[in-house]
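Worksheet for the structure shown next.
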Amino acid sequence: MTAAIYPGSFDPVTYGHLDIIRRAAEIFDELTVSVLNNKTKTPLFSVEERVKMLEEATKDLPNVTIDSFSGLLIDYAKEKNIHVAIRGLRAITDFEYELQIAQTNRKFSGGDLDTMFLTTSLEYAYLSSSTVKEIASFNGDISQCVPDFVAKLIYEKYGLKDRSYYEQ
Ligand code: PNS
(Lines give C-alpha, C1' and ligand atoms only; values in the text may rest on other atoms or scores of the structure.)
Protein backbone atom coordinates (compact mmCIF):
# COMPACT_ATOMS: atom_id res chain seq x y z
CA MET A 1 0.00 0.00 0.00
CA THR A 2 1.33 3.46 -0.90
CA ALA A 3 0.86 6.36 1.49
CA ALA A 4 1.82 10.02 1.59
CA ILE A 5 1.50 13.08 3.81
CA TYR A 6 0.57 16.49 2.49
CA PRO A 7 1.70 18.89 5.25
CA GLY A 8 0.93 22.59 5.33
CA SER A 9 -0.53 25.55 7.16
CA PHE A 10 -3.81 25.51 5.20
CA ASP A 11 -4.83 28.86 6.72
CA PRO A 12 -7.28 28.43 5.06
CA VAL A 13 -7.51 25.66 2.46
CA THR A 14 -7.76 27.05 -1.11
CA TYR A 15 -8.70 25.55 -4.48
CA GLY A 16 -4.93 25.32 -5.11
CA HIS A 17 -4.52 22.98 -2.12
CA LEU A 18 -7.62 21.02 -3.11
CA ASP A 19 -6.22 20.52 -6.61
CA ILE A 20 -3.02 19.03 -5.12
CA ILE A 21 -5.04 16.89 -2.66
CA ARG A 22 -7.24 15.42 -5.41
CA ARG A 23 -4.31 14.59 -7.63
CA ALA A 24 -2.18 13.11 -4.82
CA ALA A 25 -5.18 11.03 -3.69
CA GLU A 26 -5.27 9.49 -7.18
CA ILE A 27 -1.59 8.56 -7.05
CA PHE A 28 -1.43 7.18 -3.49
CA ASP A 29 -3.66 4.60 -1.78
CA GLU A 30 -3.83 6.76 1.34
CA LEU A 31 -3.22 10.47 1.73
CA THR A 32 -2.94 12.19 5.11
CA VAL A 33 -3.38 15.94 4.88
CA SER A 34 -1.84 17.36 8.02
CA VAL A 35 -2.13 20.87 9.44
CA LEU A 36 1.00 22.21 11.11
CA ASN A 37 0.38 23.58 14.58
CA ASN A 38 2.97 26.35 14.32
CA LYS A 39 3.32 28.25 17.59
CA THR A 40 5.50 30.94 15.96
CA LYS A 41 2.79 32.10 13.53
CA THR A 42 -0.48 33.85 14.31
CA PRO A 43 -2.98 32.16 12.01
CA LEU A 44 -6.43 33.44 11.07
CA PHE A 45 -7.97 30.05 11.88
CA SER A 46 -7.18 27.71 14.78
CA VAL A 47 -5.80 24.27 13.98
CA GLU A 48 -9.19 22.77 14.86
CA GLU A 49 -10.98 25.13 12.47
CA ARG A 50 -8.52 24.37 9.68
CA VAL A 51 -8.91 20.61 10.24
CA LYS A 52 -12.71 20.95 10.10
CA MET A 53 -12.58 22.97 6.87
CA LEU A 54 -10.31 20.39 5.26
CA GLU A 55 -12.59 17.55 6.40
CA GLU A 56 -15.59 19.25 4.83
CA ALA A 57 -13.75 20.10 1.61
CA THR A 58 -12.44 16.55 1.12
CA LYS A 59 -15.45 14.56 2.33
CA ASP A 60 -15.94 13.03 -1.14
CA LEU A 61 -12.41 11.58 -1.14
CA PRO A 62 -12.49 8.27 0.79
CA ASN A 63 -8.73 7.73 0.89
CA VAL A 64 -7.98 11.17 2.36
CA THR A 65 -7.57 11.64 6.13
CA ILE A 66 -7.16 14.97 7.88
CA ASP A 67 -4.82 15.31 10.85
CA SER A 68 -2.59 17.88 12.57
CA PHE A 69 0.96 17.84 13.87
CA SER A 70 3.46 19.85 15.89
CA GLY A 71 7.23 19.82 15.67
CA LEU A 72 9.30 18.33 12.89
CA LEU A 73 7.70 16.77 9.84
CA ILE A 74 10.30 13.96 9.81
CA ASP A 75 9.30 12.93 13.37
CA TYR A 76 5.60 13.01 12.50
CA ALA A 77 6.18 10.99 9.31
CA LYS A 78 8.21 8.42 11.25
CA GLU A 79 5.46 8.07 13.85
CA LYS A 80 2.97 7.47 11.01
CA ASN A 81 5.38 5.19 9.11
CA ILE A 82 4.95 7.31 5.98
CA HIS A 83 7.91 7.94 3.67
CA VAL A 84 6.64 10.48 1.14
CA ALA A 85 5.68 14.12 1.66
CA ILE A 86 3.71 15.94 -1.02
CA ARG A 87 4.23 19.61 -1.80
CA GLY A 88 2.72 21.79 -4.48
CA LEU A 89 4.90 24.03 -6.64
CA ARG A 90 3.46 27.19 -8.16
CA ALA A 91 6.57 28.97 -9.37
CA ILE A 92 10.35 29.00 -9.31
CA THR A 93 10.28 31.01 -6.08
CA ASP A 94 8.42 28.13 -4.39
CA PHE A 95 11.01 25.72 -5.77
CA GLU A 96 14.04 27.36 -4.14
CA TYR A 97 12.40 27.26 -0.71
CA GLU A 98 10.89 23.81 -1.15
CA LEU A 99 14.10 22.25 -2.49
CA GLN A 100 15.98 23.27 0.64
CA ILE A 101 13.29 21.87 2.95
CA ALA A 102 13.02 18.65 0.93
CA GLN A 103 16.77 18.13 1.05
CA THR A 104 16.88 18.90 4.78
CA ASN A 105 14.06 16.44 5.47
CA ARG A 106 15.73 13.72 3.42
CA LYS A 107 19.11 14.27 5.08
CA PHE A 108 17.82 14.48 8.67
CA SER A 109 15.48 11.50 8.27
CA GLY A 110 18.41 9.34 7.13
CA GLY A 111 16.76 8.98 3.71
CA ASP A 112 13.46 7.91 5.23
CA LEU A 113 11.38 10.86 4.04
CA ASP A 114 11.34 11.88 0.40
CA THR A 115 9.36 14.77 -1.07
CA MET A 116 7.27 14.51 -4.19
CA PHE A 117 6.35 17.76 -5.94
CA LEU A 118 3.18 18.26 -7.90
CA THR A 119 2.99 21.37 -10.07
CA THR A 120 -0.11 23.39 -9.28
CA SER A 121 -2.62 23.50 -12.13
CA LEU A 122 -2.14 26.74 -14.10
CA GLU A 123 -5.55 28.11 -13.14
CA TYR A 124 -4.45 28.15 -9.49
CA ALA A 125 -0.82 29.18 -9.98
CA TYR A 126 -1.50 32.69 -8.64
CA LEU A 127 -3.30 31.49 -5.51
CA SER A 128 -2.07 31.59 -1.94
CA SER A 129 -3.85 31.59 1.42
CA SER A 130 -2.25 34.98 2.18
CA THR A 131 -3.61 36.71 -0.93
CA VAL A 132 -7.05 35.17 -0.34
CA LYS A 133 -7.06 36.59 3.19
CA GLU A 134 -5.91 40.00 2.03
CA ILE A 135 -8.59 40.22 -0.68
CA ALA A 136 -11.28 39.03 1.74
CA SER A 137 -10.20 41.50 4.44
CA PHE A 138 -11.06 44.31 1.99
CA ASN A 139 -14.35 42.57 1.17
CA GLY A 140 -13.06 41.49 -2.26
CA ASP A 141 -14.46 38.57 -4.21
CA ILE A 142 -12.73 35.28 -3.32
CA SER A 143 -15.28 32.95 -4.93
CA GLN A 144 -12.70 31.73 -7.47
CA CYS A 145 -10.19 30.95 -4.73
CA VAL A 146 -11.96 28.91 -2.04
CA PRO A 147 -15.18 26.88 -1.63
CA ASP A 148 -18.22 28.97 -0.63
CA PHE A 149 -18.37 27.66 2.94
CA VAL A 150 -14.69 28.62 3.44
CA ALA A 151 -15.29 32.10 1.98
CA LYS A 152 -18.15 32.60 4.47
CA LEU A 153 -15.90 31.66 7.39
CA ILE A 154 -13.12 34.01 6.21
CA TYR A 155 -15.48 36.99 5.87
CA GLU A 156 -16.83 36.18 9.35
CA LYS A 157 -13.31 36.38 10.77
CA TYR A 158 -13.00 39.90 9.35
CA GLY A 159 -16.40 40.86 10.72
CA LEU A 160 -17.86 41.04 7.21
CA LYS A 161 -21.00 39.50 5.81
CA ASP A 162 -20.65 37.10 2.91
CA ARG A 163 -20.49 39.08 -0.38
CA SER A 164 -23.77 37.55 -1.56
CA TYR A 165 -25.42 39.60 1.25
CA TYR A 166 -24.26 42.88 -0.33
CA GLU A 167 -24.92 41.78 -3.92
CA GLN A 168 -28.63 41.11 -3.41
O1 PNS B 1 1.77 25.64 4.00
P2 PNS B 1 3.18 25.96 4.42
O3 PNS B 1 3.19 26.98 5.56
O4 PNS B 1 4.03 26.38 3.26
O5 PNS B 1 3.79 24.59 5.00
C6 PNS B 1 5.12 24.51 5.48
C7 PNS B 1 5.38 23.15 6.18
C8 PNS B 1 4.31 22.86 7.21
C9 PNS B 1 5.39 22.05 5.17
C10 PNS B 1 6.79 23.23 6.82
O11 PNS B 1 6.93 24.46 7.49
C12 PNS B 1 7.02 22.10 7.85
O13 PNS B 1 7.07 20.95 7.50
N14 PNS B 1 7.17 22.50 9.13
C15 PNS B 1 7.39 21.59 10.23
C16 PNS B 1 8.78 21.81 10.85
C17 PNS B 1 9.80 21.11 9.97
O18 PNS B 1 9.83 19.90 9.90
N19 PNS B 1 10.62 21.91 9.24
C20 PNS B 1 11.51 21.35 8.23
C21 PNS B 1 12.94 21.47 8.58
S22 PNS B 1 13.55 23.08 8.16
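Just follow the structure's listing: the first ligand is 1, and inside any ligand the first atom is 1. Because the structure is predicted, anything quoted here is derived from the model rather than measured.
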Problem set entry | Enumerated ligand 1 atoms positioned under 4.0 Å from heavy atoms of Gly71 | 15 (C), 16 (C)
Exercise. Judged by atom type as modelled, is there a donor-acceptor pair below 3.5 Å linking the side chain of Asp19 to the main-chain atoms of Ser121?
Worked result: yes
Problem set entry | Backbone of Phe45 reached by a side-chain donor or acceptor of Arg50 within 3.5 Å | yes
For this session: Give a yes or no on whether the backbone of Pro12 and the side-chain of Ser129 come within a donor-acceptor separation of less than 3.5 Å.
Result: yes
Exercise. Is it true that Arg87 and Asp94 make a salt bridge, defined as a side-chain N closer than 4.0 Å to a carboxylate O?
Worked result: no
Exercise. Quick one: which of Thr104, Leu36, Ile101 has a heavy atom closest to atom 14 (N) of ligand 1?
Worked result: Leu36
Exercise. What protein heavy atom sits nearest atom 3 (O) of ligand 1, and how far off is it?
Worked result: Ser9 OG, 2.5 Å
Exercise. To the nearest 0.1 Å, how far is atom 21 (C) of ligand 1 from its closest protein heavy atom, and which atom is that?
Worked result: Asn105 OD1, 4.0 Å
Problem set entry | Nearest non-hydrogen protein atom, atom 13 (O) of ligand 1 | Leu73 CB, 3.7 Å
Exercise. When you look at CD of Glu134, are more than 12 heavy atoms from neighbouring residues, nucleotides or ligands closer to it than 6.0 Å?
Worked result: no
For this session: Answer yes or no for Ser129: is there a heavy-atom contact with ligand 1 below 4.0 Å?
Result: no
Exercise. Among Leu113, Leu72, Val35, whose heavy atom sits nearest atom 17 (C) of ligand 1?
Worked result: Leu72
Problem set entry | Main-chain N/O of Thr2 paired with Asp29 side-chain donor or acceptor, under 3.5 Å | yes
Exercise. Evaluating non-hydrogen atoms only, which member of Arg87, Lys41, Glu98 is closest to atom 5 (O) of ligand 1?
Worked result: Arg87
